[in-house]
Amino acid sequence: KPTSAMTFGTALHLLVLEGEEGFKNSIAVDPGINRRSKAGKHEWEEFLSRHTHVKEGLYFKPGDIDQLYYLRDAVFAHPTARQLLSKGKAEVYMEWDDEETGAPCKLLADWVDGDTMIDLKSCVDASPVGFGRSAYNFNYHLSAEFYKAGFASLNQGVVPEWYWIAAEKETCQVAVY
């Protein structure tokens with residue numbers, strides 16, 4: 001089951017990479033229903049039946065939705081992030097067979113523009129030390145290498161430029177690495 005940090009990151013991806021329309025069509029405001037009682041569980045089921053467009057788990061308190069918009073604005077206010085996201089395509093799917101093993105491989109890149117790949121990350125700390133720690137702890141560097149290898153396999157050995165856009169959830173600080 002996705003954590004609240006993961007669902008926040010998914011919503012940020014929708015808003016930043018796919019735009020406001022895709023975001024609004026995939027989320028809902030959590031009405032604050034107490035789901036511990038039988039009546040609350042029933043009320044929640046009715047709510048879900050009226051919001052079938054919502055992707056799994058993408059229900060947010062109004063303050064969280066506001067924070068997502070603030071963070072989106074901060075990403076596009078950052079000159080390098082804005083430039084990187086000014087052209088290209090979101091959610092690019094690629095599949096290939098590994099040359100050594102023949103194993104089928106696939107990836108879903110956040111953003112691709114020519115020979116550039118971009119990974120948008122929501123985080124607690126976008127500073128070089130803080131984001132570096134997260135990259136290490138969550139193996140972002142390994143995922144990046146896998147994505148770059150897949151891209152190269154499909155593009156005559158051309159290894160893409162790689163960027164992370166780190167967007168700090170609470171303070172709306174943004175950094176590009």
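Atom set for the values below is all heavy atoms of this structure, side chains included, hydrogens, waters and symmetry mates excluded.
For the atom pair OH of Y163 and CG of D119, the computed distance is 14.0 Å after rounding to the nearest 0.5 Å. A distance of 8.0 Å separates NZ of K169 from CG of L68, quoted to the nearest 0.5 Å. Separating the CG atom in L17 from the CG atom in L12 is a distance of 7.5 Å, to the nearest 0.5 Å. Rounding to the nearest 0.5 Å gives a distance of 11.5 Å between CG of L58 and CZ of F8. Taking SG from C105 and CE from M94, the interatomic distance works out to 13.0 Å, rounded to the nearest 0.5 Å. Interatomic distance, T171 OG1 to Q67 CD, rounded to the nearest 0.5 Å: 8.5 Å.
Using the six-membered ring where Trp is involved, H53 and H51 have ring planes that are tilted, between 30° and 60° apart. Ring-plane geometry between F23 and Y69 is classed as perpendicular, the angle between the planes exceeding 60 degrees on a 0 to 90 degree scale with a lower cut at 30.
Checking side-chain atoms of T10 against main-chain N and O of M6 turns up a donor-acceptor pair under 3.5 Å. Of the possible donor and acceptor atoms, one in the side chain of E168 sits under 3.5 Å from a partner among the backbone N and O of A126. A donor-acceptor pair is defined here as one N or O able to donate and one able to accept, closer than 3.5 Å; no such pair exists between the side chain of Y140 and the backbone of G132. Put simply, the side chain of W111 gets close to the backbone of K87: a donor and an acceptor are under 3.5 Å apart. Judged by distance alone, with hydrogens and angles left aside, the side-chain atoms of D110 form a donor-acceptor pair with the main-chain N or O of L120 at under 3.5 Å.
Pairing each heavy atom of A5 with each of S122, the nearest pair is O-OG, 4.4 Å. The nearest pair of heavy atoms linking A175 to H78 is CA-NE2, 4.2 Å. Heavy-atom minimum distance, C172 versus Y70: SG-CB, 3.7 Å.
Under the 4.0 Å criterion applied to side-chain N and carboxylate O atoms, D30 and R35 are assigned as salt-bridge partners.
Taking E91 as the reference, nothing meets the side-chain hydrogen bond (donor to acceptor under 3.5 Å, both in side chains) condition, with sequence neighbours excluded. Among residues two or more places apart in sequence or in another chain, the side-chain hydrogen bond (donor to acceptor under 3.5 Å, both in side chains) test is passed with K24 by E20.
Note: the hydrophobic cluster containing I118 does not contain F138 (ILVMFWY, side chain heavy atoms under 4.5 Å, direct or indirect links). Residues V112 and I165 do not share a hydrophobic cluster, clusters being chains of Ile/Leu/Val/Met/Phe/Trp/Tyr side chains in contact below 4.5 Å. Transitive grouping of hydrophobic side chains (ILVMFWY, heavy atoms separated by less than 4.5 Å) brings L14 and V54 into a common cluster. There is no path of hydrophobic side-chain contacts, each under 4.5 Å, that joins M117 to V75.
Looking at heavy atoms from C-beta onward, L84 lies out of side-chain contact with D113 at the 4.5 angstrom threshold. Looking at P160 and T116, their side chains never come closer than 4.5 Å, going by heavy atoms from C-beta outward. Contact annotation: the side chain of E145 never approaches that of L142 to less than 4.5 Å [non-hydrogen atoms, C-beta and beyond].
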(request) Under the side-chain contact (heavy atoms from CB on, under 4.5 Å) rule, what do E45 and K41 come out as? Steps first, then yes or no, please. (result) CA-CA 6 Å; E45 290 302 318; K41 289 177 185 174; 5.7 Å; no

(request) Could you go through the side-chain contact (heavy atoms from CB on, under 4.5 Å) check for Y59 and L48 one step at a time? (result) CA-CA 10 Å; Y59 304 96; L48 291 177; 2.8 Å; yes

(request) Please assess F146 against W96 for the test ring-ring contact (aromatic ring centres under 6.0 Å, His included), listing each intermediate value before the final yes or no. (result) CA-CA 12 Å; F146 177 77; W96 70 100; 5.3 Å; yes

(message) side-chain contact (heavy atoms from CB on, under 4.5 Å) for F151 and L107? Distances and angles first, verdict last.
(response) CA-CA 9 Å; F151 183 97; L107 64 84; 5.8 Å; no

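Under a cut-off of 6.0 angstrom, the local environment of CZ in F76 is crowded, with over 12 non-hydrogen atoms contributed by other residues, nucleotides or ligands. By the 6.0 Å contact criterion, CZ on R50 is enclosed, its count of non-hydrogen atoms from other residues, nucleotides or ligands being greater than 12.
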